[in-house]
Amino acid sequence: MSQAEYIEKNKQRFLDELFDLLRIPSISADSAFKSDVRKTAEFVAEKLKSAGADKVELCETAGYPIVYGEKMINPALPTVLVYGHYDVQPSAPDHLWLSPAFEPEIRKTEIHPEGAIFARGACDDKGQMYMHVKAFETMMATNTLACNVKFMIEGEEEVGSGNLGPFCIANKERLKADMVLISDTSMIANDCPSIDVGLRGLSYIEVEVTGPKIDLHSGVYGGAVANPINILAKMIASMHDENNHITIPGFYDKVVELSAAERAELNKAPFDLEAFKKDLDIADVWGEKGYTTLERTGIRPTLDVNGIWGGYTGEGSKTVLPSKAFAKISMRLVPNQGSDEITALFQKHFENIAPAGVKVLVKPHHGGEPVVTPTDSKEYLAGARAMERTFGKKPIPTRGGGSIPIVALFKKELGLSSVLFGFGLDSDALHSPNENFGVVNYFNGIKTIPVFFEEYGK
Ligand code: BES
Ligand code: MN
Ligand code: MN
């Protein structure tokens, strides 16, 4: 039986199994879901085993387990290390989901006329990770596995992969491979294949601003005491200038500026600004002066507030001058910014600009380094040929705006380059309500991954 026949014959089961996987709420950020996250690891391990992987194991860490499995068929063949994650982002705000986040459902959409699977994790990354499990099953069942393969599927990507780095360093021998294959990014469109060749890094910080030691009557004290929410808002606003440049001293010092030719190349990728605005229901885009939207997300660093709170937010009104204000702030980084260095620059600046009427506390969360992958490597070219065989077009190399912190570490600690072999779309609502993944995209991935193995094994 050919791979295509095997996939066709098992189509419904491949969907049913993904649905079962999507039903387990593996939210790594929320400890209320602890047992579900573990259950998800067990599910993945069991499916790897039944697909034919050897040495399948839940590798315990200080956090959630890493699922490992391998199939070594011939030492003369190259070894592909497949990385993915089984954890997902929280589903909130739940009331905005048209169907519950952990009750997957297929619905047709404008972008996915043949149907998309709606569920948290459908695309990021359960759907894309599971394509690899089913592609592996297909290669095993049709006796066509063309490379050795190792799987490393983690459960803490959405919280910064804090335990995966130490695991990689402690397991260098076991993880020996020739490259890493990852499906956790997007392509431009279903009729326009692309491969991400860059990811941004990340510095994530929480700040706390304290004014008076207790909440005060805003009439009795208002006007005479620093209001920490007013101050925090002002401090945040001051971190961008009128051109939307970030004002933290030294922030841009190490940023690699692209040449005019490189920028022109990047801007050749199809991008419809009107469609982009319409899709997001915004009247205009916003960002750093002098750069296009593709450049703003692909090659430029950012600073954004992810959440801000403090004071009275209950029903009705309460006249109060709050004691404290909080915010979660992230910075996306580009080569050659380092996350520790940028976090330190932020901390120093934030403390410097705080007026004497407040105290500030800066709490660094996780970080990750930016990466750029080559487009002339053996592994990139194998990926490009595989995409071309599925889509009938050469993929366009693109710079993705998101972060996968562990990718830089794969290079640094294991010496391995990654191919970001994504099949989702930016419009699939990752991390948002109504996350979805095209059924066609899921099967395109399952079909194309074996072609990658064939091309890379040549
Ligand atoms: N899969 C995403 C990253 C991504 C999405 C890259 C689309 C390129 C295109 C990943 O799961 C993710 O969301 N990463 C986090 C970082 C993490 C430290 C929380 C991110 O980018 O916010
Ligand atoms: Mn992901
Ligand atoms: Mn994610």
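Just follow the structure's listing: the first ligand is 1, and inside any ligand the first atom is 1.
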- Would you please determine whether Arg332 falls within less than 4.0 Å of ligand 1 on a heavy-atom basis? yes
- Task: Starting from the Mn ion (ligand 2), count all protein N, O or S atoms within a radius below 2.8 Å.
- Result: 4
- Contact between Gly402 and ligand 1, counting heavy atoms under 4.0 Å? yes
- Message: Taking the cut-offs as 6.0 angstrom to the six-membered ring centre and 45 degrees off its axis, would you call Arg300 and Tyr291 a cation-pi pair?
- Response: yes
- Heavy-atom gap Gly368 to ligand 1 smaller than 4.0 Å: no
- Item | Modelled atom types, side-chain donor and acceptor of Gln337 and Glu341, under 3.5 Å | no
- Sub-4.0 Å atoms of ligand 1 with respect to non-hydrogen atoms of His366: 18 (C)
- Query: To which protein heavy atom is atom 4 (C) of ligand 1 closest, and what is the distance rounded to 0.1 Å?
  - Reply: Asp184 O, 3.6 Å
- Look at ligand 1 and say whether Leu202 reaches it with a heavy atom at a distance under 4.0 Å. yes
- Query: Looking only at N/O atoms, are Gln89 and ligand 1 under 3.5 Å apart anywhere?
  - Reply: no
- Message: Are Phe271 and Phe276, when compared by the centres of their aromatic rings, separated by less than 6.0 Å?
- Response: yes
- Query: Taking only residues two or more places apart in sequence, or in another chain, which ones meet Tyr86 in a ring-ring contact (aromatic ring centres under 6.0 Å, His included)?
  - Reply: none
- Query: Judging by distance only, is a nitrogen or oxygen of Ser403 under 3.5 angstrom from one on ligand 1?
  - Reply: yes
- Polar contact flag, side-chain donor to acceptor under 3.5 angstrom, Tyr64-Glu154: no
- Query: Less than 3.5 Å between some nitrogen or oxygen of Glu158 and one of ligand 1, yes or no?
  - Reply: yes
- Task: With Lys150 as the cation and Tyr68 as the aromatic partner, state whether NZ or CZ is under 6.0 Å from the six-membered ring centre and within 45° of the axis.
- Result: no
- Query: Purely on distance, is any nitrogen or oxygen of Asp426 under 3.5 Å from one on ligand 1?
  - Reply: no
- Among non-hydrogen protein atoms, atom 7 (C) of ligand 1 lies closest to Leu430 CD1, 3.7 Å
- Query: Can you tell me which residue and heavy atom of the protein come closest to atom 11 (O) of ligand 1, and the distance to 0.1 Å?
  - Reply: Glu157 OE1, 2.7 Å
- Does Phe346 have its ring centroid less than 6.0 Å away from the ring centroid of Phe251? no
- ligand 1 N/O within reach of His85 N/O, cut-off under 3.5 Å: yes
- Message: Looking at Phe43, I'd like to know if the NZ or CZ of Lys47 sits under 6.0 Å from its six-membered ring centre while staying within 45 degrees of the ring's axis.
- Response: yes
- Message: The criterion is side chain to side chain contact (heavy atoms under 4.5 Å, CB included); which residues satisfy it with Ser259, sequence neighbours excluded?
- Response: Ala261, Glu262
- Could you list the residues that satisfy side chain to side chain contact (heavy atoms under 4.5 Å, CB included) with Pro249, not counting sequence neighbours? His349
- Relative to each other, are the rings of Phe33 and Phe102 parallel, tilted or perpendicular (30° and 60° limits)? tilted
- Could you check whether the rings of Phe423 and Phe421 sit parallel, tilted or perpendicular, using 30° and 60° as the cut-offs? perpendicular
- Item | Tyr204 and His366 aromatic ring geometry - parallel, tilted or perpendicular at 30°/60° bounds | tilted
- Task: Give the contacting part of Ser330 toward ligand 1: side chain, backbone, both or neither, where contact means a heavy-atom distance below 4.0 Å.
- Result: neither
- Item | Residue, atom name and distance, where the atom is the protein heavy atom closest to atom 8 (C) of ligand 1 | Thr185 CG2, 3.6 Å
